[in-house]
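Beneath this line is the structure, given in structure tokens, with notes to follow.
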Amino acid sequence: MPSPSAEHTTTAPATIPEPRTRMPLAVYILGLSVFALGTSEFMLSGLLPPIAEDMNVSIPRAGLLISAFAIGMVVGAPLLAVATLRLPRKTTLVTLITVFGLGQIAGALAPNYAVLFASRVVSALACAGFWAVGAAVAIAMVPVGSRAKAMAVMIGGLSIANVLGVPAGAFLGEHLGWRSAFWAVGAASAIALIGVVTRIPHLPLPETKPRLKRELAIYRDRQVLLAVTITALAAGGVFCAFSYLAPLLTDVSGLDESWVSAVLGLFGIGALVGTTIGGRVADAHLFGVLLSGIAASTVFLIALALLAPSPIATILLTFLLGVSAFYTAPALNARMFNVAGAAPTLAGATTTAAFNLGNTGGPWLGGTVIDADLGYASTAWAGAAMTALGLATAAVALKLHKSTSRVVTSGTPQKKEQPAEAPC
């Protein structure tokens, strides 16, 4: 989601700190809209067994519905960001949330696996576009020093989706059938549509029309590519295990199916705690949040792999994974906007695509190790390998960031200055 990155920062004169500003109401409306999007994206974690039974497919194949949504997000975020680059932002948001809601209805009515799969892809395309445009709108309405806080509000919608939406979906799936969860998200989408129509302002288009060539130039920046890699690995590692949490809880930890919705809700509570903490500290300690959050996820995943037979340990670690994953999320979003500031719309789209590269690869890898008869607990080992690699990549990005900053500071400034990122 037009200024050079912090890697090109020179020694700047002291500046007067920006006064604390109240977050615009529109940002909170975007966060509420994300609640509906996030519920749809993550609720299948608690619905895989009934969907697999109803559609007569294996659980790993049902898990591909999660990957289908993620693939749609990966493709849809940059595609729709480019396609809507010169369109009014409010009109774009209204259109996308409408298409998303219709996709939920199609999923609820799906007569077979193929139609359900297609409905997930269509919904994901609309979700991706909404995320990309919505993030750019949120960032545009706040000062540079409040970017992580604004993104934390939007990500808070995901946290609330995990606290309320995902467990509610699992509850509905258990008592009224999995299709009822899709109908419920369709209703939530209609409420979100009303909020967008009535509360999101008409933002004027920039005087200088966005140029696609200039926006695409961000992909030549090493730090942008590193940010994509870090985000994909950090998200993918957690959701490699989270996507198969329901069967892990019942088949490995020995919990009754009635516990699934409650444990998913506990993950969501952890996500809300993590988002709140990460949003408060990430603007000042961006790399510190990245490194500590991804390291914590790695430790928790290893512990989950080792302690999965213990129901108490599994429940506690599920909560802690929610904290660590969403504690890192505001920093991952803010980092992309910092290194790709010259292309605000594509920055948001790229972040969305990066998260969902992980949400595609994670469930796929989890399904692969399950199909290899390594057991549901093996998804946590596979996830830990992904987050460990993400941690190493974050360390490389920090080293490059420090090295570039020292070189530019000691040389002749070539680009316009902007506030530097705090390394830790």
Side-chain angles (χ1 to χ4, degrees), residues 7 42 66-67 70-71 73-74 77 148 151 155 158 219 221-245 267 270-271 274-275 277-278 281-282 285-305 317-318 320-340 347 350-366 368-369 378-402 421 423-424:
E7 280 65 26
F42 298 130
I66 299 174
S67 293
I71 290 171
M73 294 280 284
V74 171
M151 293 312 304
I155 296 167
L158 285 182
Y219 297 119
D221 189 324
R222 288 180 297 177
Q223 284 287 17
V224 170
L225 299 179
L226 285 171
V228 169
T229 303
I230 296 165
T231 302
L233 291 171
V238 172
F239 284 96
C240 180
F242 180 77
S243 298
Y244 299 95
L245 186 60
F267 178 91
T275 301
I277 298 172
V281 301
H285 305 285
L286 193 144
F287 273 104
V289 170
L290 287 180
L291 294 171
S292 61
I294 299 174
S297 292
T298 304
V299 171
F300 297 150
L301 285 165
I302 292 173
L304 180 61
L317 288 166
T318 298
L320 292 175
L321 273 173
V323 174
S324 63
F326 282 79
Y327 164 76
T328 314
L332 291 169
N333 278 276
R335 174 65 180 160
M336 184 64 74
F337 280 99
N338 287 347
V339 298
T350 301
T351 305
T352 301
F355 271 107
N356 286 280
L357 278 173
N359 292 349
T360 302
W364 172 83
L365 181 59
T368 299
V369 297
S378 65
T379 60
W381 283 116
M386 293 183 72
T387 55
L389 186 56
L391 181 62
T393 307
V396 171
L398 174 58
K399 183 177 180 180
L400 179 62
H401 170 75
K402 288 182 174 180
E421 297 173 4
C424 59

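Keep in mind that this is a model prediction, so the values were computed, not measured.
How far CG of L400 is from CG of L226: 6.5 Å, rounded to the nearest 0.5 Å. Rounding to the nearest 0.5 Å places CD1 of I71 at 10.0 Å from CG of L357. With values rounded to the nearest 0.5 angstrom, L365 atom CG is found 8.5 Å from S378 atom OG. To the nearest 0.5 Å, atom CG of residue L233 and atom OG of residue S297 are 12.0 Å apart. Note that CG of L317 and CZ of F267 are 12.0 Å apart. Values are rounded to the nearest 0.5 Å. Separation of atoms CG (L304) and OG1 (T379) is listed at 7.0 Å; rounding is to 0.5 Å.
In this structure the side chain of I302 reaches within 4.5 angstrom of the side chain of W381, judged on heavy atoms. I230 has its side chain within reach of I294: a pair of non-hydrogen atoms, C-beta onward, lies under 4.5 Å apart. At a threshold of 4.5 Å between non-hydrogen side-chain atoms, the residues T351 and F355 count as touching. Between V228 and M336 there is a side-chain heavy-atom pair separated by less than 4.5 Å.
The two atoms that bring S324 and F300 nearest to each other are OG-CD1, 3.7 Å, heavy atoms only. Here the shortest heavy-atom pairing between V74 and A353 reads CG2-O, 3.5 Å. Across all non-hydrogen atoms, the minimal contact from A395 to L291 is N-CD2, 3.9 Å. For A331 against L290, the heavy-atom pair with the smallest separation is CB-CD2, 3.8 Å. Between L301 and A380, the closest heavy-atom pair is O-CB, 3.4 Å. Residues R335 and A227 approach most closely at CG-CB, 4.3 Å, considering heavy atoms.
The aromatic rings of H401 and F287 are tilted relative to each other, their planes meeting at an angle between 30° and 60°.
Within the 3.5 Å criterion, the main-chain N or O of C240 finds no donor-acceptor partner in the side chain of S243.
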